[in-house]
Protein chains: 2
Amino acid sequence: MALSERKKRILAAVVDAYIDTAEPVGSKAIAENAGLGCSSATIRNELAELVAMGYLEQPHTSAGRVPTAKGYRLYVNELMDKQKLSIEESEDINRRLNQKLQELDDTISDVSRLASQLTNYPAMALTTREAVTIVRFDLIYVAANTFIIVVLLSDHTVRNKLVRLPISVDEKMIRKLATLFNANFTHIGEEAITPVLIGSTERSADDTMGITAVISSFALEVLSSSSAPAAFVSGENRLLNQPEFRDPDKAHRLMSYLSGGGQLLPAESGLFDSSEVRVLIGPENVAEELKDSSVVIASYDAGDNTRGLIGVVGPTRMDYSAVAAKLRFLADGLSRRLGGGEAPPAGMHNKLIIKGDRNDE
Amino acid sequence: MALSERKKRILAAVVDAYIDTAEPVGSKAIAENAGLGCSSATIRNELAELVAMGYLEQPHTSAGRVPTAKGYRLYVNELMDKQKLSIEESEDINRRLNQKLQELDDTISDVSRLASQLTNYPAMALTTREAVTIVRFDLIYVAANTFIIVVLLSDHTVRNKLVRLPISVDEKMIRKLATLFNANFTHIGEEAITPVLIGSTERSADDTMGITAVISSFALEVLSSSSAPAAFVSGENRLLNQPEFRDPDKAHRLMSYLSGGGQLLPAESGLFDSSEVRVLIGPENVAEELKDSSVVIASYDAGDNTRGLIGVVGPTRMDYSAVAAKLRFLADGLSRRLGGGEAPPAGMHNKLIIKGDRNDE
DNA sequence: TGTTGGCACTCTTTATTTCCGAGTGCTAAT
DNA sequence: ATTAGCACTCGGAAATAAAGAGTGCCAACA
């Protein structure tokens, strides 16, 4: 059953007003501001019906109306005006993006920090990585008891580790091991690195000193840490800006949920795919702690078959329109810079460097 | 002018009581609990004098007494019983330490997280690095337009970067560059990498494609990011556990100061040296935002001429004794594991790996 | 001189009451 | 269907009252 045009406008007015005052909104205010030509009494009737239909509710008899989750949902889906960013805003985002991506790389910690600053809400960023494999091993002989393992991954990430042994190894052994590992350990998944494989490699190399074990455990570590989605939360404290979190206990609950990794956040379902900004309103969230907050999520292409997710958390009364616009823009910016082509975009002169090393949070 | 023995005991009793109730403590409570054989009236007289001397104050006439910064200072210096950790506690810390240090390495983010969990206060970790130099360059030829830069630093850290060029380079060129960089760019500081040096290297290599520039800018980046002290804050939200931060505004101020890097925190003076735990009480802090909080700091040996700092922030009414004991233990544990000897401690079998790569926050 | 019980006084906290007004729902008129 | 009017409700603020915790001081005492 569809809502009349007028009901929609009224609902929108309520949500808009509530979003910026955080106070229940009354019929009179709507009649005056929302510029539809009827009096408060009429509005009252409509409001009563909207309450009956479950779009609004009132904290107590004789208070203004407040949107329900259902009301927000409709608002987000149909009513809200898709906000465009002002020129200054988008330029600001671009500037920061360039700045970040120049010196460091796409560390999710930067992305989340940026999102949080932009929206003034706590933000979380995470990436899923496709199954990654090792493409190439290099062992660099440094000294009799020291060498460096360098590993190139299929997502074009490089990882390394300095190994110091209690005993000496000669360069030949190192070279032999490198060859063996390149032959046996590349292009295979974590699960394929079995004790059997390790054992046989060890024998082929005549390695009696456990170096094979060291290298393969590094390989395992790298593969598992690369495939595990990494997450980073920042700006938890911004919650305290919101009047709904003036209660320290409530604030604390959510904040510690967030800082505690809260991977449950938006890490399910096919959220990564859609290029649309998604909104999860109050009870639509799975995590108990988020049942009366909202989450706005955008996903971006992080290059190399990796997708990233940016999420922002706030009260249900959150400025969906503005947040969505900002995240959309940010995600697009990231995709444009990180994603897509193997070939570096034209005009990147001093930025031939595409990827550096990374450490997970 | 020294305090009488009894005054000291009374002061200690006040501080102890206040630390765990967070409420002004009255004469009666002391008379009953602090087991010194005199009545509340006597205590009252003593309290009045302690107030006059500036060790205590009362929020208003007819309220109990609360320690002043001066009072806490005396307490910390002389009165508090240096707490020893219980066996369970120290075992717990050790266990976590081992766990952390095994898989990842001494990333300050882990250290700060650990400190925060242990003390239940926000914590910050940071390190100063001595001037670091590059000890060795390796360039790994991957494909015609791709190579990896691997750099070994004087602090035994390894950094790497994958470089993809818009054009082809042959392996000979890569090798030539590696030789040149090893000859010209090792064991020198950031400031010694001048445009002149870069230019002359470029000419010697017959490099017309700007590869020299890429490599040297990476070198610069690595050197500067390694020498800049890195800091990491965690557990800001734990502030909300403290009754003194029930006021959201107050909490918010401090939290955003902390999350905002708050490098001003304890990053001055020769704090890094002393092996003692330091306490900064309320107004003793330099940062305005910390004027009514306290900071407890321990420093540890992070190996390779690097020292690290662990700091914990809380209300002036903080459990100095417990926090100090925990930090002391934690710092010692870290020093033992990271610091000192070049040689890996005996008995580390599966842990031959000493250092992995690192990324700064 | 130092200690102690007693007591009046102060000032905060908490509970109770009162009051005000925003906003509603309903009804009757348009 | 819309609207003006009006009685009614209910939460929140302000005002008032009561309760208690703790002090300071005095006078008595060892």
- line: dist L254(A):CG -> F245(A):CZ (nearest 0.5 Å) comes out at 4.5 Å
Nucleotides 8-11 of chain D: which of its N/O atoms have a protein N/O under 3.5 Å away?
from, atom 1, to, atom 2, distance (Å)
dT9(D), O2, S62(A), OG, 3.0

Does [X] pair with [Y] as a salt bridge, N-O distance under 4.0 Å?
X       : Y       : result
E244(A) : R317(A) : yes
R96(B)  : D92(B)  : yes
K7(B)   : E49(B)  : yes

- line: Quick note, C38(A) side chain, CB onward, closest among dT3(D), dT23(D), dT4(C) is dT3(D)
query: Which nucleotide, dG24(D), dG5(D), dA4(D), lies nearest any side-chain atom of S39(A)?
result: dA4(D)
Starting from [atom2] on [N], measure out to [atom1] on [X] and report it in whole angstrom.
X      : N       : atom1 : atom2 : result
N45(B) : dT1(C)  : CG    : C1'   : 12 Å
L50(B) : dG24(D) : CG    : C1'   : 16 Å
L47(B) : dT23(D) : CG    : P     : 6 Å
K28(B) : dG5(C)  : NZ    : P     : 12 Å
E57(B) : dG22(D) : CD    : C1'   : 16 Å
E49(B) : dT3(C)  : CD    : C1'   : 13 Å
E23(B) : dC11(C) : CD    : C1'   : 16 Å
I43(B) : dT3(C)  : CD1   : C1'   : 11 Å

Given [N], is OP1 or OP2 found less than 4.0 Å from the side-chain N or O atoms of [X]?
X      : N       : answer
Q58(B) : dT12(C) : no
R65(A) : dG25(C) : yes
R6(B)  : dT3(C)  : yes

query: Base, sugar-phosphate, or nothing for A63(A), non-hydrogen atoms under 4.0 angstrom?
result: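 Sugar-phosphate contact only - A63(A) comes under 4.0 Å of backbone atoms but never of a base.
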message: Counting the atoms with a prime plus P, OP1 and OP2 as sugar-phosphate, which does S27(A) contact under 4.0 Å by heavy atoms, base, sugar-phosphate, or nothing?
response: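 Counting heavy atoms under 4.0 Å across all strands, the contact made by S27(A) is with sugar-phosphate only.
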Within the 6.0 Å centroid threshold, strictly below: Y55(B) and Y75(B): no
field: D332(B) side chain vs F329(B) backbone, donor-acceptor pair below 3.5 Å
entry: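 No, D332(B) side chain to F329(B) backbone: no donor-acceptor pair under 3.5 Å.
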message: So, under a plain 3.5 Å distance rule, would you say the side chain of R44(A) forms a donor-acceptor pair with the base of dG5(D)?
response: yes
- prompt: So do the side chains of V277(B) and I297(B) get within less than 4.5 Å of each other, counting heavy atoms only?
  reply: no
Of residues 13-21 of chain A, the positions that come close to DNA chain D - non-hydrogen atoms, cut-off under 4.0 Å: none
Between [Y] and [X], is there a side-chain donor-acceptor contact under 3.5 Å, judged purely by atom types and distance?
X       : Y       : answer
Q117(B) : R238(B) : no
S256(A) : N237(B) : no
S234(A) : S112(A) : yes

